[in-house]
Amino acid sequence: MTELATAMADIDDQRVLRLVETYLSNGTDPHTILGQLKEGMDIVGERFSRNEYFLVELVMSADVFKRAMEKLEPALLSAQKSSYSGKIVIGTVQGDIHYIGKNLVVAFLKSNGFEVHDLGEDVAPEKFVEKLRETNAKVLALSGLITTTHDIMKKTIAALKQAGMRKKVKVMIGGGDIDQSIVDYTGADAFGKDAMSAVDLARRLIAETD
Amino acid sequence: MPKRLVVFEPSGLRVAADASFTILDAAREVGLHITNECGGRGTCGKCHVFVEPAGRPTRQDIEKIPVTELGKGARLACRHKTSRAIRVILPQHAEEAKILTEGVAGHWELDSSLNGQFGIAIDLGTTTIAAFLLDLSDGVQLARAASLNPQNVFGDDIMSRITHVMREENGAKVLQRRVVNELNQLATQLIQAAGVDAAEVTRVAVVGNTAMGHLLLGTDVTSLGLSPYAPKIYNAVTQRARSIDLHIGESTELYVAPNIAGFVGGDTVAFILSQQLDSTDDVTIGIDIGTNGEIVLSNHGELVCCSAAAGSAFEGASIHHGMRGQTGAIEHVIIHDANSQAEVTVIGDVAPQGLCGSAIVDVVAEMKQAGLINTTGRILEGSPMVESSEKLGLFYRVWKSDEPKQRKRIIFTQKDVRQVQLAKAAIQAGTRLLLEEVGLGVPDIDRVLLAGAFGNYISPKSALTIGLLPRVDISQIIPVGNAAGEGAKGLLLSLESRAKAERIARDTRHVDLAAHEDFQSVFLDSIALV
């Protein structure tokens, strides 16, 4: 494992940021750097699955990754090579302001090369529709922590249908207490149980739309 | 069965107890907890209290209590029946004297001209309902009854009840009818037990969380289900009980306490009222730990509050071998040595079936102190008590049956530790942000009051060890029992306390944790077991 991947896996923020800067200044391909960060994030995910890491480590790793990406993004844009996995529109549904879980999903999607349009929290159904139209994204990810938000997810998906976009867009949901029965209730396509499974799910859904 | 008046000191709580009751039973009636480890068999000697007048000492009294104490009237609470009117002084509660006498639980400014009238005070919880019948003329409690909230068929927590109302056309009506039916039954039970006439019951006072109050009155709860969780009703409601089909007396009046916010309701107002947090001359934190933990901070009478979503870990619901605090539950756990079996105490004289909230807090605290988990909450391997399986990952074996043929055991998994960490982090973050709100820190705290059943039974030491409570000296932690129920009695008996409740609801500043900009960082920082 490379030094950068190790530093990312160990959530050593100082070392991660220093290494990203060093590599950028000595001309390393930004996609190679991104690949190493991603490798580190994958290990974070594995450690979480094995119970070695908990929520705190997960959130910290997402934060370190975000700061590293801020340094890396300009170089990635100019390198113009596609490690691109697809576009996703994401947000916490109307009537809910929880963000910890949603922000983790955003970080893990980004580390896996997705172009993520995060609308934030308490997002009205029409905002999602508008953004999907504007970006042409094929996947919509809805987050909601409390049982009552399942009805709002349902409402959001109904709005999608009404806009005539339901067939073109796959919908994944996540949050507290979500299982297949909630997928059926809301009319979504699938659910993810954590940030890591959201990545696999997004890949699968995008493959299905192609 | 004849009833005898038992008065407890220093709290001043009084109860008309069956003559067949032990003092221990009578204490439970009024929600007072007397320490006992043997389940009332007279073998542990922990439950000694001072009785006036003291009856002849029993054999166990003589065995367990020093002669000098016996002379002063010390007796084992589990060995003496309340066969005559007595006064009982609880030495274990001596440090509570400060709040409970000054706090005047049970010393309300009674309304006059209510001779021959009775009232029912109700603490309407999401899970349980406690109801008390009192004589309005002198404030004496004549009967007590409790039951489960029958709305629980629509889910254990508030949110699933609200979801039901949102989804079903007649949902609100159905939920209202269920709880009203239950209250009618409880009222009938109380009236019979106290031997009064239903027509003499002129008042009913209800305290509950905001959603329970709304549901009882048949008010729309949809707004409580979604951010910003705004209540429809803030003020106290007074109307005829019959208007919601509560049939007691023809003109019985129903009073429902005012709310502070969507998740801080009339029960918290009653807690503040009964402990006089609105007029303290010190810094007091009051915590009622439930699925929604309510936290109140009084800075010399200036009140701020919040609700913290602790989830159901402390109720045992999301814990692998968790259960409610009833017979068969392990209630306390001590790990003397990381490499050998822990010492457990069980409610009732039966084999353990699971862990209730107080034991769940103990396990995490004791595992931490025994070096079985690190500060991040990870279970460490190395002890023979720590095992692992494909399905559960690492787990700690709390108890195993001695019977060679039985394979029954009780374990605590890595996931359980995580659940406790999340629950305690929510409470801890709430406490920290309230302190921050008024510009104070933990060293400024004078008292921590624990309300509710869970607060009454947890070991303060364990709660301090895992950081569930702010790091104060253990002597500053005071369990106050059913403080909301006490407040309900005050609201039943006294119009002056109703006026005070109205002021408390208006003046208490609510801090919305979910919307607080520092919540994520403080919450995450509170997960560690340091």
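The sequence lines fix the lettering, A, B, ..., with proteins before strands; numbering per chain opens at 1. Here the structure is a predicted model, which means the values were calculated and not measured.
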Residues 37-56 of chain A vs chain B, non-hydrogen distance cutoff under 4.5 Å, contacting residues -> Arg50(A), Asn51(A), Glu52(A), Tyr53(A), Phe54(A), Leu55(A), Val56(A)

Side-chain heavy atoms of Tyr229(B) within contact of Ile146(A), under 4.5 Å: yes

Go through Met159(B), Arg167(B), Arg378(B), Lys415(B) and name the one with the most non-hydrogen pairs under 4.5 angstrom from chain A. Arg167(B)

Are Gln94(A) and Leu226(B) close enough that some pair of their side-chain heavy atoms sits under 4.5 Å apart? no

Taking a cut-off of under 4.5 angstrom between non-hydrogen atoms, the residues of residues 95-105 of chain A near chain B are Gly95(A), Asp96(A), Ile97(A), His98(A), Tyr99(A), Ile100(A)

Toward chain A: residues of residues 313-320 of chain B with heavy atoms under 4.5 Å: none

For chain A, which of Pro228(B), Ala309(B), Ser227(B), Gly393(B) has the most heavy-atom pairs under 4.5 Å? Ser227(B)

Please state whether the side chain, the backbone, both or neither of Gln520(B) comes within less than 4.5 Å of a heavy atom of chain A. both

Between Leu524(B) and Met60(A), is there a side-chain heavy-atom distance shorter than 4.5 Å? no

Side chain, backbone, both or neither of Arg418(B) within contact of chain A (heavy atoms, under 4.5 Å): both

For Glu381(B), I'd like to know if atom CD has over 12 heavy atoms of other residues, nucleotides or ligands within 6.0 Å. no

In residues 115-132 of chain A, which residues are in contact with chain B at a heavy-atom separation under 4.5 Å? none

Separation between OG1 of Thr148(A) and CE of Met166(B), rounded to the nearest 0.5 Å: 5.5 Å

